[in-house]
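Notes follow the structure.
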Amino acid sequence: MLKGKKIVLGITGGIAAYKSAELTREFIKRGADVKVVMTTNAIRFITPLTLRTLSGNPVLTDMFSLTKESEIGHITLSDYADIIIIAPATANIIGKIACGLADDLLTTTVMAKRSPVLICPAMNTNMYANYIVKENISRLISRNYFFMEAGYGELACGAQGAGRFPPLDDIVEEVESILTNKDLAGERILITAGPTREPFDPVRYITNYSSGKMGYALAIMAKRRGADVTLISGPSSLMRPSGVKFLQVSSAEEMRGAVIDNVGNSTVIIKAAAVADFRPVVFSDDKIKKGLGPFDFHLVRNPDIISEIGRNKGDRILVGFAVETENLVENARRKMIEKNMDFIVANDATLPGAGFQTDTNIVKILDREGGLEELPIMDKIEVADRILDKIKGSRSPQSSQRAQRN
Ligand code: PMT
């Protein structure tokens, strides 16, 4: 989602400066245009050539040696930026900005800013704990500057504590979030994700291939768009998205319990989880021995969570998913009507790049009025964005018509 975004990345003089090279790569990989500004001290830690190579743009270091002031002066940089990020940010740069000082290219760019500024502190633990630094951070937060918490752990100076460069993924996610319009603010969205596990002895269970990627993408995107998000997840190896209420469950019955507990407070429910329809009738406390003959396995129906929600959904928006291997649209439409959903997202598990485990999906979004929106293959995060557009559009149909026309 950073495609085409214009980022000014300010690097200041700390041992973590080398990590800004990796950060630059990450932004470029996501399609952003990055212009790097380095302070005099930053150049002692990492060479401008490295950043030039990674960003594909000239690196700006000195306010007074510009060959084309009209093109890359501080005012132009401020106008150009969709966001200014300072990473790593030393105690010195934070203090200078908090005091309104502007004595080099980075500080003058920040003083002339028109875009959001995200500051990622990285410094010695004692410096980070210093009240003067803390006061400067509070002052800047009160002036609408965005701050990342410094990471915790062993620092390059050997000290243990807070002061590490924040994790790259967290910085990128924060940038994505800052640059996303908060059009879902006020919505409380409950999302289920991942598979369920239905155990039949202490070491075995039945499950399905869901990784959780589709549901987690919805949670990340809904949070970026300003919604208050609760994510109920079956077993998944994915990182818990930051900034969402996260509830871990395992079986369908546990998932049902968590959904019922949280549904009352929600305005939208999206059920992307692949809930096991059946569970073993009997759970053996001891590992079942394989024996000699065939093994009879009896299953009982699990609660159909979405149907239960559908019966009492009130004015909540209920979105379900359907994974199918045949008659995709017919089956999905039938499920939507039977389970009283407002929309259903149909994905065909037989198509390459769709359904379980892939980073992409190919979906059709069906609504109760007979509408069908067919999306091409796209990243699950973009699919999530389009599903949320649909939800947003159903709240204010005129704005969605406008968006479609543009
Ligand atoms: O997790 P990934 O690897 O990214 O894969 C994504 C996905 C394929 C799991 C996802 O896109 C998807 O299609 N999820 C729903 C799969 C599914 O269970 O479909 P279904 O047709 O069996 O169920 C229909 C709807 O009823 C679903 O919203 C499901 O959450 C819900 N349901 C199903 C059974 C049940 N007992 N309770 C339910 O609430």
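Both backbone and side-chain heavy atoms feed into the values below; hydrogens, waters and symmetry mates do not. For clarity, every value in this text was computed on a predicted model and none was experimentally measured. Atoms within each ligand, like the ligands themselves, are counted from 1 in listed order. Numbering of residues begins at 1 and proceeds along the displayed sequence.
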Does [Y] offer a backbone N or O that forms a donor-acceptor pair with the side chain of [X] under 3.5 Å?
X    : Y    : value
T12  : P88  : yes
K392 : D183 : yes
K364 : V345 : no

Practice problem: Would you check ligand 1 and list the protein residues that come within less than 4.0 Å of it by any heavy atom, ordered by chain and number? | Solution: S210, S211, G212, K213, M214, K271, A272, A273, A274, V275, D277, P303, D304, I305, I306, G320, F321, A322, V323, K335, K339, N347, G355, F356, Q357, N361, K380
Quiz item: What pair of heavy atoms forms the shortest contact from T109 to S78, and how long is it?
Solution: O-OG, 2.8 Å
Exercise. Take E187 and K182 through the salt bridge (Lys or Arg N to Asp or Glu O under 4.0 Å) test and state the conclusion after the steps.
Key: CA-CA 10 Å; E187 296 284 4; K182 302 287 178 271; over 6 Å; no
Self-check item: Pairs flagged by side-chain hydrogen bond (donor to acceptor under 3.5 Å, both in side chains) wherever residues 307-328 is involved - sequence neighbours left out
Solution: R256-E308, D304-S307, K313-D342, E324-N331, E324-K335
